[in-house]
Amino acid sequence: MLQQTTVPAVKSYFERFTALWPTVNDLAAAPEDLILKEWAGLGYYARARNLYKCACAVTKEYGGIFPDTEDELIQLPGIGPYSAAAITSIAYNKQATVVDGNVERIVSRLAALEEPLPQSKKTIKELAVHLYQDIGPRASDMPQALMDLGSMICTPKSPTCGLCPISQYCKARKSGDQEKYPVKSKKAPKPTRIGEVYWLETSSGEILVEKRLNDRMLGGMMALPGSNWDNNASQEEEALSSITHVKNWEECGKIKHVFTHFTLILTVRKAGISKKNLILNKNQHLVSIKDIGDLGFPSLYKKVSNMILTFDSSGNRNE
DNA sequence: CACCCGTGGTC
DNA sequence: TGACCAAGGGT
């Protein structure tokens with residue numbers, strides 16, 4: 001959960017997950033859809049699918065006990081170089097070179113690396129090896145000490161070098177230009193994509209929702225139907241090919257949502273539909289409007305439903 | 001290796 | 001408001 005996500009954001013999710021599924025075996029026995037629902041709002045949804053795959057693998061191949069070597073750990077779904085090293089060190093108290101974003105920043109500053117991230121990752125790892133050598137019987141303390149140093153003292157902005165226990169070894173500190181590091185490559189400008197999203201409501205107050213395909217954005221998550229997001233043309237016809245005779249669209253406004261590598265602007269439209277003429281594909285179903293909050297919408301679709309519900313209750317409808 | 005993948009907080 | 005950032009991993 002903590003991969004690219006802050007402790008405050010994770011905390012309540014972690015508590016709920018470990019209460020629902022106290023052991024790896026429990027998680028492996030859970031329905032994947034329920035895991036995704038519980039993950040809703042945390043982002044990077046492939047992590048949830050990988051977590052489930054990982055629990056299944058650990059249950060089947062290791063009897064529910066995580067292996068204790070980096071070589072075995074890194075083969076598990078969702079476990080990469082950082083997590084494999086972190087588990088080896090923190091869970092098993094064995095020597096491992098744990099490099100997260102904090103350690104990257106610390107090493108970049110210690111060595112005053114001019115090579116930018118992410119190209120410098122290899123160099124950083126080679127240098128970090130020395131930080132983790134000959135650290136005695138408490139191997140698990142070093143990665144946590146370094147990560148805490150990075151998050152509290154050697155911070156991205158305004159690091160408090162006066163409190164840093166290793167400032168005497170820091171080349172960036174010596175140069176007085178510590179905020180310059182780590183140097184980062186320029187990132188590509190973030191494009192804007194547009195699309196449409198539909199709120200389709202039956203006369204008995206049910207909404208058409210669908211589960212998104214696994215290999216797309218928000219894969220596996222519940223969603224509202226809509227157009228594709230990847231071009232400027234309205235794909236209304238294609239998006240609604242399974243729905244006959246939708247008329248009397250009401251435009252409700254636009255939703256802006258910023259993803260990691262693009263900004264999305266969705267036009268929100270609503271319409272009444274007749275249950276009779278409805279042909280649902282296998283990923284779609286109707287859900288009562290009062291249950292819409294329990295679906296496990298990712299934030300994008302929460303924004304949309306909040307807009308619609310606010311719109312309705314404020315009496316601003318103009319039909 | 002470059003790109004893809006969410007979200008909420010901060011300055 | 002926008003850019004940056006967070007206990008990265010998969011393809």
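Note on naming: letters A, B, ... go to the chains in the order of the sequence lines (proteins, then strands), and numbering restarts at 1 for each one.
For the pair A:Arg269 and A:Glu196, the salt-bridge criterion is met [side-chain N within less than 4.0 Å of a carboxylate O]. By the 4.0 Å N-to-carboxylate-O rule, A:Lys121 lies close enough to A:Glu104 to be salt-bridged with it.
Close placement of the A:Phe259 and A:His257 rings is indicated, their centers lying within 6.0 Å of each other.
The NE2 atom of A:His261 sits 13 Å away from the C1' atom of C:dG10 (whole-angstrom rounding). C:dA3 atom C1' lies 14 Å from atom CD of A:Glu179, rounded to whole Å. Put simply, CZ on A:Phe259 is 7 Å from P on B:dG6, counting in whole angstrom units. For A:Glu70 and C:dG8, the CD to C1' distance is 15 Å, given to the nearest whole Å. One atom, CZ of A:Arg216, and another, P of C:dT11, lie 18 Å apart when rounded to the nearest Å. Rounded to an integer number of Å, the gap from A:Arg49 CZ to C:dG9 P is 16 Å. Rounded to a whole Å, the NZ atom of A:Lys121 is 9 Å from the P atom of C:dG8. Atom CG of A:Leu264 is separated from atom P of B:dT7 by 11 Å (rounded to the nearest Å).
Residue A:Thr260 places a side-chain atom within donor-acceptor reach of the base of B:dG6, judged by atom type and a 3.5 Å distance cut-off alone. If you check distances only, the side chain of A:Thr5 does reach the base of B:dG6 with a donor-acceptor pair under 3.5 Å.
The main-chain N or O of A:Pro118 is never found under 3.5 Å from a side-chain atom of A:Ser120 such that the two would form a donor-acceptor pair. Remark: side-chain polar atoms of A:Asp291 are not paired, donor with acceptor, to backbone N or O of A:Asp294 under 3.5 angstrom. A donor-acceptor contact shorter than 3.5 Å is absent between the side chain of A:Gln3 and the backbone of A:Ser83.
Looking at heavy-atom distances under 4.0 Å, A:Pro143 makes no contact with the nucleic acid at all. Within the 4.0 angstrom heavy-atom criterion, only backbone atoms of the sugar-phosphate kind lie near A:Pro298; the bases stay farther away. At a threshold of 4.0 angstrom between heavy atoms, the contacts of A:Pro8 with the nucleic acid are absent. Looking at heavy-atom distances under 4.0 Å, A:Ile90 makes no contact with the nucleic acid at all. Residue contacts shown for A:Val258 include a base, since a base heavy atom lies under 4.0 Å away. Among the atoms of the strands shown, none is found under 4.0 Å from any heavy atom of A:Met1.
Of the candidates C:dC5, C:dA7, C:dG9, C:dC5 carries the atom nearest the A:Lys184 side chain, counting heavy atoms from C-beta on. You'll find that the side chain of A:Leu2 is closest to C:dA7, out of B:dT7, C:dA7, C:dA6. Checked against C:dA6, B:dC5, B:dT7, the side chain of A:Tyr44 finds its nearest nucleotide in B:dC5. The listed nucleotides are C:dC5, C:dG2, C:dG8; the one nearest the side chain of A:Lys256 is C:dG2. For A:Thr6, the side-chain atoms get nearest to C:dA6 when compared with the rest of C:dA6, C:dA7, B:dG6.
Ranked by how close their nearest DNA chain B nucleotide is to the 5' end, A:Gln119 and A:Phe297 are led by A:Gln119. When the nearest nucleotides of DNA chain B are assigned to A:Gly219 and A:Ala188 by heavy-atom distance, the more 5′-ward of the two goes with A:Ala188. Taking for each of A:Ile74 and A:Arg105 the nucleotide of DNA chain C with the nearest heavy atom, the 5'-most of the two is the partner of A:Arg105.
Under 4.0 angstrom from either OP1 or OP2 of B:dG6 there lies no side-chain N or O belonging to A:Ser299. An OP1 or OP2 oxygen of B:dT7 is reached within less than 4.0 angstrom by a side-chain nitrogen or oxygen of A:Tyr45. The phosphate of C:dA7 has neither OP1 nor OP2 within less than 4.0 Å of any side-chain N or O from A:Gln3. Considering only side-chain N and O atoms, A:Asn102 lies under 4.0 angstrom from the phosphate OP1 or OP2 of C:dA7.
Counting only heavy atoms from C-beta outward, the side chains of A:Tyr181 and A:Arg105 never approach each other to under 4.5 Å.
Spacing of C1' atoms, C:dA7 relative to B:dC3, comes out at 23 Å, to the nearest Å. Here the separation of C:dT11 from B:dG6, taken at their P atoms, is 14 Å to the nearest Å.
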